[in-house]
Undergrad: 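I have a structure I would like to understand better, so I am pasting it below and will then ask my questions one at a time.
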Amino acid sequence: MVKHDDYMTPYTAWADVCEYLPKDRKAWEAFQGDGTSATFLRQLGLDVICEDVDFFETSLGEWVCTNPPFSKLAKVLERLRELEQPFVMIMPCYVLTTQYFQRLGFQPDLQLIVPRKRIQFKKIVDGVEVPTPGCSFDCLYYCWKMKLPEDIVFLQK
């Protein structure tokens with residue numbers, strides 16, 4: 001069975017957390033997808049690197065800002081831990097309770113941003129947006145070594 005990880009992050013998902021993203025450090029949009037995420041982050045004032053490179057063989061930027069492919073979360077998190085690279089990543093809520101996440105020991109530098117509503121990702125198949133009934137799961141913004149003002153930030157807007 002082929003996993004389809006081609007879900008793109010909408011502008012609103014990044015706009016909602018923009019005030020918590022450092023504009024003075026170079027961000028790496030490590031999973032470029034169709035490129036819109038990096039475009040949105042730039043529109044919000046971030047200096048973003050977004051290149052078609054192998055994430056598992058490369059390290060760019062000073063911190064990672066991305067919506068990674070959910071089928072590869074364990075590997076992605078292992079790689080970031082290996083690099084000691086700070087990040088803000090959109091991931092499902094369930095990641096917090098997985099064995100791989102617990103084993104990697106992101107505490108005590110882990111902080112969370114809780115959106116006020118479910119993020120509605122855009123599904124892309126063969127370069128074409130496909131209508132979907134809406135996202136059926138909740139996500140959080142997992143922030144590691146980002147020095148947010150609080151350990152858990154609940155978005156109000």
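When reading the values below, keep in mind they use all heavy atoms of this one structure, side chains included, and skip hydrogens, waters and symmetry mates.
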Undergrad: Is the side chain of Arg81 donor-acceptor paired with the backbone N or O of Gly105 at a distance under 3.5 Å, no angle test?
TA: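 Pair found, side chain donor or acceptor close to backbone of Gly105.
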Undergrad: Taking all heavy atoms of Leu46 and all of Ala27, pick out the closest pair and write down the distance.
TA: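 Result for this residue pair: CD2-CB, 4.3 Å.
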Undergrad: Identify, with sequence neighbours excluded, every residue that meets salt bridge (charged side-chain N to carboxylate O under 4.0 Å, His left out) alongside Lys23.
TA: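 Residues passing salt bridge (charged side-chain N to carboxylate O under 4.0 Å, His left out) with Lys23: none at all.
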Undergrad: Quick one: which of Gln85, Glu84, Gln111 gives a side-chain hydrogen bond (donor to acceptor under 3.5 Å, both in side chains) with Lys145?
TA: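 The option that passes is Glu84.
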Undergrad: For Ile113, which of Ile90, Asp16, Leu140, Leu148 qualifies under side chain to side chain contact (heavy atoms under 4.5 Å, CB included)?
TA: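 Only one of Ile90, Asp16, Leu140, Leu148 forms a side chain to side chain contact (heavy atoms under 4.5 Å, CB included) with Ile113, namely Leu148.
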Undergrad: Any idea which heavy atoms bring Asp138 and Arg118 closest together, and the distance?
TA: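 Nearest heavy atoms, Asp138 then Arg118: OD1-NE, 3.0 Å.
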Undergrad: Between atom SG of Cys143 and atom CG of Leu110, what is the distance when rounded to the nearest 0.5 Å?
TA: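 One finds 8.0 Å between SG of Cys143 and CG of Leu110.
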Undergrad: Would you give the length of the straight line joining atom CG of Asn67 to atom CE of Met91, rounded to the nearest 0.5 angstrom?
TA: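 Answer for the CG-CE pair, Asn67 versus Met91, is 10.0 Å.
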Undergrad: With a 3.5 Å distance limit and no angle check, can you tell me whether Glu29 reaches the backbone of Phe31 through a side-chain donor-acceptor pair?
TA: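 Answer holds: yes.
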Undergrad: Find the distance between CZ (Phe137) and CZ (Phe121) and round it off to the nearest 0.5 Å.
TA: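 So the CZ of Phe137 and the CZ of Phe121 are separated by 5.5 Å.
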Undergrad: Go through the steps to decide whether Leu112 and Asp151 satisfy the test side chain to side chain contact (heavy atoms under 4.5 Å, CB included), and finish with yes or no.
TA: CA-CA 6 Å; Leu112 300 170; Asp151 286 341; over 6 Å; no
Undergrad: List for me each residue that meets ring pair (Phe, Tyr, Trp, His ring centres under 6.0 Å) alongside Trp28, sequence neighbours excluded, and say none if there are none.
TA: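 Trp28: ring pair (Phe, Tyr, Trp, His ring centres under 6.0 Å) contacts with Phe55.
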Undergrad: For a quick test of reading the model, state the closest non-hydrogen atom pair linking Thr36 to Met8 and the distance between them.
TA: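 Nearest heavy atoms, Thr36 then Met8: OG1-CB, 4.3 Å.
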Undergrad: Could Arg79 and Glu82 be called an ion pair, given the rule that one side-chain N must be under 4.0 Å from one carboxylate O?
TA: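 Salt bridge: yes.
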Undergrad: Tell me, please, which residues at least two apart from Asp109 pass salt bridge (charged side-chain N to carboxylate O under 4.0 Å, His left out).
TA: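 Salt bridge (charged side-chain N to carboxylate O under 4.0 Å, His left out) list for Asp109, sorted by chain: empty.
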Undergrad: Applying salt bridge (charged side-chain N to carboxylate O under 4.0 Å, His left out), name anything that partners Glu62, two or more places apart in sequence or on another chain.
TA: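 Scan of Glu62 (salt bridge (charged side-chain N to carboxylate O under 4.0 Å, His left out), adjacent residues dropped) gives none.
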Undergrad: Determine, using the 4.5 Å side-chain heavy-atom cutoff (strictly less than), whether Val48 and Leu83 are members of one ILVMFWY cluster.
TA: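 Cluster IDs for Val48 and Leu83 differ.
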Undergrad: Under 3.5 Å, is there a donor-acceptor pair linking the side chains of Gln32 and Ser37?
TA: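 No pair is found: no donor N or O on one side chain lies under 3.5 Å from an acceptor on the other.
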Undergrad: With a 4.5 Å limit on heavy-atom distance, are the side chains of Leu21 and Val88 in contact?
TA: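 Side-chain contact under 4.5 Å: yes.
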Undergrad: So does Thr39 get a backbone contact from the side chain of Tyr11, meaning a donor-acceptor N/O pair under 3.5 Å?
TA: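 Not at all, since once roles are kept as given, no pair shorter than 3.5 Å links the two residues.
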Undergrad: Tell me whether Gln99 at atom CD has more than 12 heavy atoms from other residues, nucleotides or ligands lying less than 6.0 Å away.
TA: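 Count not over threshold, so no.
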Undergrad: Report the distance from atom SG of Cys139 to atom OH of Tyr94, rounding to the nearest 0.5 Å.
TA: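 OH of Tyr94 is found 8.5 Å from SG of Cys139.
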Undergrad: Would Leu41 and Leu155 show up in the same hydrophobic cluster when neighbours are defined by side-chain heavy atoms closer than 4.5 Å?
TA: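 Both belong to a single hydrophobic cluster.
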Undergrad: What's the separation between atom NZ in Lys122 and atom OG1 in Thr9, rounded to the nearest 0.5 Å?
TA: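 So the gap between those two atoms works out to 10.5 Å.
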Undergrad: Say you draw a straight line from SG of Cys18 to CG of Leu44; how long is it, rounded to the nearest 0.5 Å?
TA: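 Rounded to the nearest 0.5 Å, the SG-CG separation comes out at 4.5 Å.
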Undergrad: Would you sort out whether Leu77 and Phe101 count as a side chain to side chain contact (heavy atoms under 4.5 Å, CB included), showing the intermediate values?
TA: CA-CA 8 Å; Leu77 288 164; Phe101 190 80; 3.8 Å; yes
Undergrad: Compare every heavy atom of Val95 with every heavy atom of Thr98, then report the nearest pair and how far apart it is.
TA: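 Smallest interatomic distance, heavy atoms only, reads OG1-O, 2.9 Å.
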Undergrad: Which residues pass the ring pair (Phe, Tyr, Trp, His ring centres under 6.0 Å) test with Trp144, not counting sequence neighbours?
TA: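 Result, ring pair (Phe, Tyr, Trp, His ring centres under 6.0 Å) vs Trp144: Phe87, Phe106.
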Undergrad: Minimum heavy-atom separation for Cys93 to Tyr142, with atom names?
TA: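 Where Cys93 meets Tyr142 most closely, the heavy atoms are O-OH, 3.2 Å.
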Undergrad: Show the numbers, then the answer: is there a side chain to side chain contact (heavy atoms under 4.5 Å, CB included) between Met146 and Trp63?
TA: CA-CA 9 Å; Met146 295 304 294; Trp63 63 286; 3.6 Å; yes
Undergrad: Taking only residues two or more places apart in sequence, or in another chain, which ones meet Arg25 in a salt bridge (charged side-chain N to carboxylate O under 4.0 Å, His left out)?
TA: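 In terms of salt bridge (charged side-chain N to carboxylate O under 4.0 Å, His left out), with neighbours along the sequence ignored, Arg25 is linked to no residue.
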Undergrad: Between Arg103 and Glu78, is the salt bridge (Lys or Arg N to Asp or Glu O under 4.0 Å) condition met? List the steps.
TA: CA-CA 10 Å; Arg103 178 180 45 81; Glu78 285 174 15; 3.1 Å; yes
Undergrad: What I'd like to find out is whether the side chain of Phe40 reaches to under 4.5 Å of the side chain of Pro10, using heavy atoms alone.
TA: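 The answer is no; the side chains never approach within 4.5 Å.
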